[in-house]
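Input: a single structure, listed below in C-alpha cells.
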Amino acid sequence: MSTDTEVELTDSFYMIIESLKRNGIQNIYGIPGIPVTALIRSWQADGGKFFACRHETNAAMAAGVAGYLTGVPGVCLTTPAPGFLNGLAGAANATTNGWPMILLSGAAQRRNTDLQQGAFEEMDQLNAARPHVKAAYRINHIRDIPIGITRAVRTAVSGRPGAVYVDLSHEMLTGTMPAEEAEKLLFTPVDLTPKQLPDPASIQRAADLLKGAKNPLILLGKGAAYAKIDNEIKALVEETGIPFLPMSMAKGLLPDNHPQCAGAVRSFVLPGADVVLIIGARLNWLLGNGQGATWGNQLKKFIQIDILPQEIDSNVPIAAPIVGDIASSVAALRTALKGASKAPAEWLSAISERVAQSREKLAPRLQVKTAPGMMNYQNSLGAIRGVLAKYPNTTLVNEGANALDNTRMIVDQYQPRRRIDSGTWGIMGIGMGACIGSAVVTGDPVVAVEGDSAFGFSGMDVETIVRYNLPVTICIMNNGGIYKGNEANAGGFAEPAPTAFTPGIRYDKMIDAFGGVGKNATTPEELATMLEDSIKSRKPTLINIVLDPDAGVESGRISGLNIERKKKK
Ligand code: FYN
Ligand code: ADP
Ligand code: MG
C-alpha cells in the first residue's frame with residue numbers, strides 16, 4: 001500500500017499485458033516455465049486467453065496460422081533456450097509463408113549470457129532468431145515495452161507479413177517503474193496496415209497487356225486470400241471472364257466449382273496461357289520457378305501484384321509489375337479494365353470442357369469398393385469430400401505426402417481461408433498447431449487430414465485439443481508408413497525400413513487416453529458416418545483410417561525432387 005511519501009509502482013508484466021492488448025492481441029499460445037509462468041498467469045487473470053500446448057513448435061504453428069487467418073499477429077510465448085528454439089521453427093515457417101506472428105521468449109540474465117558464464121537456459125537467442133524472422137528485437141527496460149511491442153506488431157503486419165522475435169530480457173522482466181509515468185507511456189497505435197497504393201502507370205501497363213491477351217489466366221495465391229478482399233477478387237474474375245487457378249491455400253477464395261476455375265486442368269492452363277496475372281503468389285518451386293515444363297517451356301507475359309518490390313523479377317522477368325497492396329491494386333485494375341471486352345470465349349470453353357472431363361475421370365475412382373481395412377487414398381478421400389461439401393465452413397488442415405496431394409486434388413473448397421497446409425516449405429509438423437490456431441480464431445469446425453507420418457510431428461498436442469474442447473476432427477490416413485507402409489529393409493536385415501512404422505497402429509486409442517472420441521474406420525461408409533457425427537458433435541475426435549499399406553507412391557506428386565542413388569556399390 002502506498003503512503004504519501006511512497007510512489008506507487010507498476011511492473012513489467014502489467015506493461016507487457018497492456019501493450020499487447022492495445023495492439024489487438026487477445027490470444028497467446030505457448031508453454032509456461034521459468035521465467036514466464038507468472039507472466040502467463042497474470043495474462044489469464046487479466047482476461048487474456050492462453051492456450052497451453054505440449055510442444056512449442058505446435059504453439060508457434062498455431063500462432064502463425066492465427067495470424068494468417070485474422071491479419072492480427074499470432075503470439076507465441078516460450079521459455080528460454082530449447083523452448084525458444086522449438087518456437088523458432090514455427091516462427092521461421094510463418095516468415096516463409098508470409099504470416100504475421102510474434103515469438104516472445106523469456107531469456108537468461110544478460111550479464112551471464114554475454115560472458116558465457118553458464119546461466120540457467122543460457123543462449124544468445126536474439127542472434128539465433130535473426131536469420132529466421134523479419135526482425136529480432138530485445139526489450140531491455142520496462143520503459144521500452146510499449147514501443148517495443150508495437151514495433152514488433154507493426155513489423156509483423158507491414159509489407160509482406162512475417163514473424164518477429166522479441167527477447168524478453170531477464171533485466172526487463174524484473175523491472176518496475178512509477179505507475180503514473182507508465183500510464184503515459186502506454187498507447188494504441190494508429191493505422192497498423194496503411195494502404196500501399198500502386199503507381200497508376202503500372203496499372204495502365206498491366207491493363208493494356210491483359211486487354212491484348214488471347215489466353216489470359218489469373219493465378220491466385222495465399223497472399224490474395226490473406227488480403228481479405230474476397231468480393232473484389234470475385235468481381236475482377238467475373239467482370240473480366242478470365243479463368244483462374246488457385247494455389248493450394250487459395251483454394252476456396254472463389255469456390256472450386258466456379259465455372260471459371262481451372263484447378264482441375266493445371267497442366268493445361270499453365271502452358272496454354274499467354275498473359276498471367278499473379279495476385280499474391282510467388283514464382284517459387286510450387287510454380288516451377290516461373291519456367292520450364294510447368295509453363296510449356298515459354299516465358300509468359302507475367303503481371304504480378306505484390307507488396308514486396310523485390311519479389312518482382314525474383315525468378316523470371318515480369319512484364320508488368322504492380323507493387324502495392326492487393327486491395328488497392330485490384331481496385332485500381334478493375335477501374336482501368338472497365339468497359340474492356342471479356343476474355344476470348346474459345347479459351348474459356350476449351351478449359352471448361354477439359355475441367356468437365358477431368359472431374360468425370362476422377363469421380364469413379366472416388367467410389368471404388370475395397371475390402372474392409374484396405375481403403376486407398378481415392379475412396380477414403382471420396383468419403384471425406386462428400387461430407388465436407390455439406391459443411392463448407394469447415395477449416396481443412398492438410399499435411400503429408402500422398403495425404404496432402406490427394407486431398408488437395410480431391411477435396412473441393414467453397415469458402416476463403418478454409419485450407420491450411422504444408423505451405424511454402426512443403427513441411428510436415430503443422431498439423432495440431434494449425435488445428436488449434438484455426439479452431440480458436442474461427443470458432444468453426446476443423447478437420448485435419450493427416451498422413452500417419454505427418455501426424456507424428458505434432459501428435460501430442462491432441463491432448464491440448466481435448467483439454468480446450470476444440471471442435472477438431474483428426475483423420476489419420478494410416479497406411480503404416482512414409483509413402484507406403486510395406487517397405488522392407490533394403491539390405492534384407494531384420495530392422496524395419498526407414499519409411500515403415502509398426503503395422504496396425506490404432507491412433508484412435510491415443511485420443512481415448514486423453515478423454516476425446518476415438519474411432520477406427522475400415523470402409524468409406526464408416527468413415528463418412530464417423531466424420532459427419534464428429535463435425536456435428538463438435539467433440540474432439542480422432543478417426544484412424546485404415547488404408548492398404550501399399551497405398552501411396554514415393555514422394556507423392558513431387559517425386560522429381562527426390563534424389564536417387566547414382567551408383568550402386
Ligand atoms: C485438381 N485436379 C483435378 C481436380 N483438382 N482433377 C479432377 N478434379 C479436380 N477437382 C488435377 C490437376 O489438374 C492436376 O492434374 C492434378 O489433379 C493435381 O492437381 P494439383 O495438386 O493442383 O497439381 P500438382 O501438379 O500436384 O501441383 C504442383 C504443386 C503441388 C507443386 C503446386 O504438387 C503442391 O502444392 N505440392 C506440395 C507438395 C508438398 O508440399 N509436399 C510435402 C512434402 S512430401 P494435371 O492438370 O494433369 O497436372 C515429402 O515427400
Ligand atoms: P502461394 O504459396 O499461395 O503461392 P505465397 O505465400 O508464395 O503464396 O505468396 C504470397 C505473396 O503475396 C507474397 O509474395 C507476399 O508478399 C504477397 N502479399 C501478401 N499479402 C499481401 C498484400 N496484402 N498485398 C500485396 N501482396 C501481398
Ligand atoms: Mg503414411
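Indexing begins at 1, ligand by ligand and atom by atom, following the structure's order. These figures come from a predicted structure and were not determined experimentally. As a basis for the values below, the full set of heavy atoms in this structure was taken, side chains included, without hydrogen atoms, waters or symmetry mates.
Proximity of Asn97 to ligand 2, defined as any heavy-atom pair under 4.0 Å, is confined to the backbone N, CA, C and O atoms. Using a 4.0 Å cut-off between heavy atoms, Met247 makes no contact with ligand 1 at all.
Geometrically, ligand 2 and Ile326 share a nitrogen or oxygen pair separated by less than 3.5 Å. For ligand 1, none of its N or O atoms has an N or O atom of Ser422 under 3.5 Å away. Of the N or O atoms in Lys222, one or more lie within a sub-3.5 Å distance of an N or O in ligand 2.
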Checklist entry - Is there a salt bridge (Lys or Arg N to Asp or Glu O under 4.0 Å) between Glu232 and Arg334 once you walk through the steps? => result CA-CA 9 Å; Glu232 287 75 7; Arg334 278 180 65 203; 5.4 Å; no

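The heavy atom nearest to atom 27 (O) of ligand 1, out of those in Glu360, Glu399, Arg266, is found in Arg266. Around atom 8 (N) of ligand 1, the closest heavy atom drawn from Asn398, Leu270, Asp405, Leu362 belongs to Leu362.
Taking distances strictly below 2.8 Å, the protein N/O/S atoms close to the Mg ion (ligand 3) are Asp452 OD1, Asn479 OD1, Gly481 O.
Of the charged side-chain nitrogens involved, none lies within less than 4.0 Å of a carboxylate oxygen, so that Asp230 and Lys228 do not count as a salt-bridged pair. Under the 4.0 Å criterion applied to side-chain N and carboxylate O atoms, Lys214 and Asp274 are not assigned as salt-bridge partners.
Ligand 2 is approached by Gly324 to a heavy-atom distance shorter than 4.0 Å.
Remark: ligand 2 atoms within the under-4.0 Å shell around heavy atoms of Met247 are 3 (O), 4 (O). Ligand-side atoms of ligand 2 in range of Gly221: 3 (O), range being under 4.0 angstrom from any heavy atom. Near Ile558, meaning under 4.0 Å from any of its heavy atoms, are these atoms of ligand 1: 38 (C), 39 (C), 41 (N), 43 (C).
Residue Tyr507 forms a side-chain contact (heavy atoms from CB on, under 4.5 Å) with just one option from Ile545, Ile543, Ile476, and that option is Ile476.
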